[in-house]
Amino acid sequence: MNITPEVIAKHGITPDEYERIKQILGREPNITELGIFSVMWSEHCSYKNSKPELKKFPREADFILVKAGEENAGIVDVGDGWAIAFKIESHNHPSAVEPFQGAATGMGGIIRDIFTMGSRPLMGFDSLRFGPIEGDSAQAATNRRLFAGVVAGIAHYGNCIGIPTVGGEVYFDESYNGNPLVNALCLGIIRHDQIKRGCAKGVGNPVIYVGSATGKDGLAGAAFASRELTEESHEDRPAVQVGDPFMEKLLLEACLEVMRKNGLVVGIQDMGAAGLTCSTCETASRGGSGNEIDLNLVPKRETGMTPYEIMLSESQERMLLIANKGREKEVEEIFRKWDLHGVTIGKVTNDGMMRIKVGKEIAAEIPAAKLADDAPVYHRSVEQPEWEIRNSKFETRSVREPRNCQTILPKLLASPTIASKNWVYRQYDHMVQDGTAVVPGSDAAVIRINLKRPDFGYTPKKGEPTEKYIAFTTDCNGAYCYLDPYEGGKTAVAEAARNLVCSGARPLAVTDCLNFGNPMDPHIFWQFRRCVDGLSEGCRAFGTPVTGGNVSFYNESPVAAIDPTPTVGMLGLIDDPKHITTQWFKESGHVILLLGDIGDELGGSEYLKRIHGLKTGKPPRMDLAVAKRTHDFVLEIIKKRWVASAHDCSEGGLAVALAESCVSNGDCMVGARVN
Amino acid sequence: MKAKIIVMPKKTVLDPQGKTVKHALESIHFKGIKDVRIGKFLEIELEGGNKAALQKQIDEACHKLLSNPVIEDYTFEIQ
Amino acid sequence: MKAKIIVMPKKTVLDPQGKTVKHALESIHFKGIKDVRIGKFLEIELEGGNKAALQKQIDEACHKLLSNPVIEDYTFEIQ
Amino acid sequence: MKFAIIQFPGSNCDQDCYHALANVFGQPTHYVWHKETSLGDVDCVVVPGGFSYGDYLRTGAIARFSPAMKAVADHAKAGGLVIGICNGFQILCEAHLLPGALIRNRSLKFICEHVELRVETTDSPFTNACKKGQVLRIPIAHGEGCYFAEPEVIEQLKREDRVLVRYVNNPNGSVDNIAGICNEGRNVFGMMPHPERASEKILGSEDGKCIFKSILRSAVTV
């Protein structure tokens with residue numbers, strides 16, 4: 001197969017990127033090498049369009065053990081030698097093509113990112129966006145099918161592998177028609193001394209392939225995710241990956257067992273987007289070494305696969321592990337116990353090359369560091385979209401106030417974005433692992449971590465704590481970000497912090513999943529830049545650094561780009577179980593306090609959209625300093641045990657917040673009288 | 001009239017269930033198994049009518065509802 | 001040689017999946033459906049050997065593992 | 001009292017049962033890997049919840065052939081106590097240690113929520129610490145929890161007072177609202193709800209404790 005300009009374009013490689021490849025190799029690439037560059041230099045793996053902006057995030061703090069961008073997931077210290085690994089990632093495009101498997105493999109991928117660091121996964125979270133599901137239009141029917149399929153896929157994977165999905169959020173808006181967002185998060189616990197890195201060190205050390213055999217699933221899924229989802233992408237359909245949560249449970253247990261035996265494992269990396277390519281290349285570049293593997297030794301599910309297909313296959317539930325020379329037998333013994341086969345497919349070298357062989361013949365040979373770290377970086381042009389200017393001039397006072405508010409509140413509470421998500425989380429096993437102290441339905445999930453669990457690989461000594469309490473939430477209002485990306489970015493972080501504080505937790509760190517349209521469009525890149533600016537300022541204001549995350553571009557339906565949706569996942573710490581607070585009123589006679597004042601801020605509200613069909617106006621101004629002081633105040637009065645419940649005002653404003661506080665717990669429904 | 005429909009995972013798509021059952025059969029001493037694939041079998045009892053029309057209707061039902069064309073193939077017969 | 005096995009829920013056992021699919025078919029304007037029943041279809045590729053021995057082996061596999069006699073019936077053929 | 005918890009590939013509630021028994025009740029508890037043929041020194045065996053073998057083919061269909069299950073059957077035959085929770089109950093039925101089968105929920109959807117159970121009899125090693133008619137708030141988490149058996153088997157279970165717990169509001173279509181039954185010898189018990197998830201206040205309910213208390217109390221009398 002000779003490399004023609006069309007073949008190069010089809011791989012999403014620009015002419016100057018192709019020149020850069022020839023410079024790195026000192027010759028023309030063959031088709032396998034071109035495929036490898038195309039996935040490694042896709043936006044999904046290299047962040048070539050977003051890197052300059054992502055540098056604005058605050059990433060430093062004394063409690064950060066693994067920083068954003070270093071490894072598969074960020075890790076933060078939570079005291080007494082314990083740490084939390086967590087990360088959120090998107091699986092939007094595969095879910096648009098096949099919702100069940102797209103969402104399921106999204107869950108599987110993020111779980112692997114956590115246990116590849118040596119961390120025992122404790123909980124999962126899902127942040128979802130769909131087009132409207134009401135009415136009998138063809139689009140509404142499709143949105144319902146996508147919604148039901150995605151929820152069933154997450155339930156199938158999470159329930160089977162025994163990781164509780166304890167929270168998340170679901171929004172419905174026209175902008176997500178045809179391009180749903182499926183952001184999956186996983187969080188795990190780890191001892192400082194158990195942290196494993198994805199690096200290949202030690203010349204001659206064996207490179208071991210573990211897990212499912214390789215098939216043609218999701219061929220070039222990574223590059224596929226960076227191309228717009230247009231009509232002709234349907235013949236990419238065989239690119240969908242199928243997940244096997246049962247296999248992943250075996251892989252999880254076997255990998256943790258191998259990693260906990262000291263001296264066996266040097267480095268380990270999961271095979272995520274771009275499968276064998278990404279893992280082989282990144283472990284070599286991180287280790288400052290080289291990797292040499294032989295594709296004949298790779299377990300394959302189908303015969304006659306070309307090197308191109310093997311290197312780019314996205315078959316699920318596979319890991320690449322570098323063991324200490326001479327200890328391979330022990331590694332393979334542990335995998336056999338779990339009915340898995342660990343196959344040595346190559347070795348670490350010191351020539352810095354990623355060398356892919358097929359028996360004697362070399363299929364690809366590329367300098368690993370250059371491939372992993374020297375992807376091109378672009379500074380895209382920006383231009384404020386006219387709709388932002390037009391919408392910001394809209395006078396919300398011009399909207400006729402309804403004569404009778406009595407009928408408005410029920411309509412708002414019935415809006416799928418606001419209504420109870422019980423139908424969703426009831427399908428998730430959100431109680432397995434005996435840790436869920438606050439079940440889904442409150443402002444944030446709260447997990448009791450029992451530190452004595454044998455599967456944590458550490459027994460607390462006398463005087464050391466035997467329990468820790470963490471809270472978690474994901475938040476983002478896409479409509480706000482559409483109308484004013486900067487305020488929308490700040491609000492996303494503020495709302496996450498607010499939800500944690502209302503649950504009695506002090507905010508600690510953030511992971512984010514930035515879902516945007518096509519970065520080549522200056523309007524879209526303006527939205528991206530302004531949102532990142534807002535997010536950065538929010539993170540600085542609340543002292544919550546970004547520990548990692550994911551960027552997903554090209555989220556566009558055939559009609560237009562999606563609303564900018566920078567989903568924020570925030571971790572909080574609860575110092576004392578007595579501080580745990582939920583959002584529902586507890587007893588009649590309690591006093592209701594409103595903190596913060598009410599401005600004329602109907603812009604982008606669910607009320608304007610649901611009742612008047614308007615998505616316009618200026619969204620509420622977020623004063624971060626006032627917000628921080630309010631949060632500190634709430635935490636203080638919670639610690640003084642003066643607070644029975646706390647709830648934040650978000651979509652639907654004060655009226656909905658009050659209603660939710662009255663009815664969101666079926667076992668203690670109360671009323672409220674407000675002056 | 002009865003329609004018998006078989007919906008199987010596509011050859012190229014991973015069939016984790018088939019793989020696990022093959023392993024289980026071997027563990028209870030079943031020899032000589034090269035592969036196991038598991039899919040759905042649907043039996044639809046129909047009022048009757050001309051076969052060609054039913055043929056078209058069943059085919060459409062399979063494509064739109066009874067199978068997921070992304071990861072499954074289907075075959076059927078009407079008796 | 002290939003064994004084709006059909007495992008169906010017993011008549012006495014409720015088949016909510018069959019009922020749901022029946023309603024779904026009717027909602028996409030599919031007329032004249034009296035009943036829908038859904039079961040499993042298994043395809044086992046065998047190394048070969050004399051048919052009678054395979055017949056016995058498959059029957060035992062169905063009884064022991066591939067079906068639950070409390071709630072399911074099975075039929076199979078070997079080609 | 002000595003407890004053994006069977007671990008299948010795909011079990012995921014084994015840790016929770018270990019926590020309830022070892023930490024909350026302070027009982028000597030050990031794991032038995034499904035490939036082992038002996039249970040070791042044990043009074044009560046726990047077949048935990050989870051998705052043994054990924055629930056492929058049928059829930060529990062493959063797990064019942066594990067060597068450990070043979071040892072569990074022998075333990076039961078010798079009068080030892082066996083409790084199967086959720087997937088454990090499905091495995092005990094597949095292994096014919098308990099009658100009937102667990103099939104797909106009527107709603108075709110997985111359900112995870114607290115439900116109310118009524119104790120139907122205290123004449124068993126698993127409910128003797130409860131009161132007859134007592135309502136327990138214990139969570140369920142299953143997709144195939146609808147209990148089914150032929151009418152004559154249901155009659156026999158009722159006649160022999162072997163339905164230990166019933167759902168107050170039937171969440172999954174189980175025949176006769178059955179949530180948990182025991183065998184003729186009354187030493188093997190299977191229930192779909194998870195008592196190990198309702199043994200601490202922090203998790204929302206402590207009602208599950210009375211099942212474990214009953215087992216401990218039965219050790220004194222046996």
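Convention: sequence-line order gives letters A, B, ...; per-chain numbering from 1.
Looking at C:Leu66, only its side chain comes within 4.5 Å of chain B, counting heavy atoms on both sides. For B:Ile58, the parts lying near chain C are the backbone and the side chain together; criterion is any non-hydrogen pair under 4.5 Å. Using a 4.5 Å cut-off between heavy atoms, C:Met1 makes no contact with chain B at all.
Interface remark: of the candidates B:Lys31, B:Glu45, B:Met8, B:Lys22, B:Glu45 forms the most heavy-atom pairs closer than 4.5 Å to chain C.
Going from atom NZ of C:Lys64 over to atom NE2 of B:His29 covers 7.0 Å, rounded to the nearest 0.5 Å.
Interface residues of residues 33-43 of chain C toward chain B, defined by a heavy-atom distance below 4.5 Å and sorted by number: C:Ile33, C:Lys34, C:Asp35, C:Val36, C:Arg37, C:Ile38, C:Gly39, C:Lys40, C:Phe41, C:Leu42, C:Glu43.
A 4.5 Å side-chain heavy-atom check between B:Ile6 and C:Ile6 finds every atom pair outside the cut-off. Under the 4.5 Å side-chain criterion, counting only non-hydrogen atoms from C-beta, C:Ile44 is not in contact with B:Phe30.
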